[in-house]
Trainee: 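Structure provided below as structure tokens; questions to follow.
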Amino acid sequence: MTATPARPGPAPLLVACALGIEHLALRTGDKGGASGPMTVLRTGMGPGGAERAVAKALDTPPLDEAAVVATGFCAGLAPGMHPGDLVVAAETRHDGGATPCVGTELLVEELVRALPRRTVHTGPLTGSDHVVRGHERGDLLATGAIAVDMESAVTLRTAVTAGPRPVAAVRVVVDAPQHELVRIGTVRGGISAFRVLRAVLPAFFEWHRSSLLPRR
């Protein structure tokens, strides 16, 4: 008699961030409602570190089939954005290419439910290889992007290059055109963004539960 192969468990979730303070927020945040195994990966700052760390993580089972969420802090580009606002990417952009995100509407709904006092913005999230200041914000806004960070676009591009999987990017605005920060965590805006990042995981879990991961 031939044994029936065991049914595979739920595909894992990989949550990627860059900075130690982002990693701390996610590790100490609300983990209620996890739909399967979750790994929080600190990639280090910048697109090069994100690419290397994510590629390495997704090269080893069981993370080779993981859904991927890029998260952490970002710079808002649009007038009226404030520290602590949330950005859910419709797509991420890097070097002239774009990676579509999965389940954007669901993420918006879950984040509004989890953080009803916070504004959630949706639109293109663009990548940069440096911290964006001053007139560069306006230049990027003119392309249609609503926010910028250094790791999300490369993280998602690396993830889909490694194999078919759901990907998303959710960022917390830490500074904006009228609220530029000198150093994260030393002023009110940075503290506000940290507290918001601690509360996002339940929305990620619901997105993970609702995403159908193609099996190879």
Side-chain angles (χ1 to χ4, degrees), residues 6 8-74 87-89 91-95 97-104 106-107 110 125-129 147-172 184 194 197-216:
L13 172 64
L14 178 66
V15 179
C17 63
L19 303 177
I21 191 171
E22 297 167 340
H23 193 251
L24 176 63
L26 294 163
R27 285 194 300 107
T28 59
D30 183 358
K31 297 180 178 62
S35 55
M38 180 192 69
T39 297
V40 179
L41 173 69
R42 180 184 173 188
T43 66
M45 189 173 179
E51 182 175 18
R52 289 188 295 271
V54 172
K56 181 178 179 181
L58 296 180
D59 191 43
T60 304
L63 289 179
D64 56 336
E65 293 192 339
V68 175
V69 177
T71 195
F73 303 136
C74 71
V87 173
V88 180
E91 66 178 20
T92 56
R93 299 174 176 178
H94 180 74
D95 285 348
T99 303
C101 295
V102 173
T104 297
L106 174 63
L107 275 170
E110 293 301 324
L125 175 63
T126 195
S128 174
D129 61 2
V148 57
D149 75 90
M150 290 193 284
E151 297 84 23
S152 291
V154 169
T155 292
L156 299 198
R157 184 188 66 182
T158 302
V160 298
T161 298
R165 69 191 73 244
V167 295
V170 176
R171 290 275 170 170
V172 182
I184 293 174
F194 178 86
L197 191 58
R198 292 189 72 238
V200 298
L201 284 177
F204 295 177
F205 297 150
E206 188 59 36
W207 172 85
H208 184 215
R209 183 179 296 109
S210 301
S211 297
L212 296 177
L213 181 63
R215 314 298 286 188
R216 295 197 295 277

Trainee: For the atom pair SG (Cys101) and CG (Leu107), what is the distance rounded to the nearest 0.5 Å?
Mentor: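 Cys101 SG to Leu107 CG: 9.0 Å, rounded to 0.5 Å.
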Trainee: What's the shortest heavy-atom distance between Ala16 and Thr155, and which atoms?
Mentor: CB-CG2, 4.1 Å
Trainee: Working to the nearest 0.5 Å, report the span between CE of Met45 and CG of Asp149.
Mentor: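 If I round to the nearest 0.5 Å, the distance is 10.0 Å.
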Trainee: Using every non-hydrogen atom in the two residues, find where Gly127 and Val148 come nearest and quote the distance to one decimal.
Mentor: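 The answer is C-CG2, 4.2 Å.
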Trainee: So with a 6.0 Å cut-off around CZ of Arg27, is the heavy-atom count from everything else above 12?
Mentor: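 Buried by this count: over 12 neighbours within 6.0 Å.
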Trainee: Can you check whether Val200 reaches Leu26 side chain to side chain, under 4.5 Å on heavy atoms?
Mentor: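 Val200 reaches Leu26 side chain to side chain.
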Trainee: How long is the gap from CD1 on Ile21 to CZ on Phe73, to the nearest 0.5 Å?
Mentor: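 Rounded to the nearest 0.5 Å, the CD1-CZ separation comes out at 5.0 Å.
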Trainee: Is a side-chain N or O of Arg157 found less than 3.5 angstrom from the main chain of Thr99, in a donor-acceptor match?
Mentor: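 The answer is no, because no donor-acceptor pair under 3.5 Å joins these two groups.
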Trainee: With the side chain counted from C-beta on, respond yes when Leu63 and Leu41 share a heavy-atom pair under 4.5 Å apart, and no when they do not.
Mentor: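 Of all side-chain heavy-atom pairs linking Leu41 with Leu63, none is under 4.5 Å.
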Trainee: Does Arg165 reach the main-chain N or O of Ala159 with its side chain, forming a donor-acceptor pair under 3.5 Å?
Mentor: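 Indeed, once roles are kept as given, a pair shorter than 3.5 Å links the two residues.
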Trainee: Measure from the side-chain N and O atoms of Thr43 to the backbone N and O of Cys17, and report whether any donor-acceptor pair falls under 3.5 Å.
Mentor: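 Yes, the answer is positive, given that a donor and an acceptor are paired below the 3.5 Å cut-off.
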Trainee: Taking all non-hydrogen atoms of both residues into account, name the closest pair between Ala168 and Leu156 and its distance.
Mentor: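 Of all heavy-atom pairs spanning Ala168 and Leu156, the closest is O-CD2, 3.5 Å.
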Trainee: Does Ser152 offer a backbone N or O that forms a donor-acceptor pair with the side chain of His94 under 3.5 Å?
Mentor: no
Trainee: Does the pair Phe204 and Thr71 meet the rule for a side chain to side chain contact (heavy atoms under 4.5 Å, CB included), with working shown?
Mentor: CA-CA 10 Å; Phe204 295 177; Thr71 195; 3.7 Å; yes
Trainee: Nearest 0.5 angstrom please: Arg171 CZ to Thr92 OG1, how far?
Mentor: 10.5 Å
Trainee: When you measure from the side chain of Glu151 to the backbone N and O of Gly46, does any donor-acceptor pair fall under 3.5 Å?
Mentor: yes
Trainee: Evaluate the side chain to side chain contact (heavy atoms under 4.5 Å, CB included) criterion for residues Met38 and Phe205: first the C-alpha distance (whole Å), next the side-chain angles of each, then the deciding distance (0.1 Å), finally the verdict.
Mentor: CA-CA 9 Å; Met38 180 192 69; Phe205 297 150; 3.4 Å; yes
Trainee: Side-chain contact, heavy-atom cut-off 4.5 Å: Thr158 with Val154?
Mentor: yes
Trainee: Shortest non-hydrogen contact from Pro166 to Val102?
Mentor: CA-CG2, 4.1 Å
Trainee: Looking only at heavy atoms, what is the nearest atom pair of Pro202 and Ala199, with distance?
Mentor: CD-O, 3.6 Å
Trainee: So Glu22 and Arg42, side chain to side chain contact (heavy atoms under 4.5 Å, CB included) or not? Walk me through it.
Mentor: CA-CA 8 Å; Glu22 297 167 340; Arg42 180 184 173 188; over 6 Å; no
Trainee: Write down the atom of Arg93, the atom of Ala153, and the distance for their closest heavy-atom approach.
Mentor: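 Taking every non-hydrogen atom into account, O-CB, 3.2 Å.
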Trainee: Measuring only between side-chain heavy atoms, which start at C-beta, is Thr39 closer than 4.5 Å to Pro12?
Mentor: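 The answer is no, as the side chains (C-beta and beyond) never meet within the 4.5 Å cut-off.
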Trainee: Drop me the distance from Leu19's CG to Phe194's CZ, to the nearest 0.5 angstrom.
Mentor: 12.0 Å
Trainee: Report the distance from atom CG of Leu14 to atom CG of Asp64, rounding to the nearest 0.5 Å.
Mentor: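 With rounding to 0.5 Å, CG (Leu14) is 11.5 Å from CG (Asp64).
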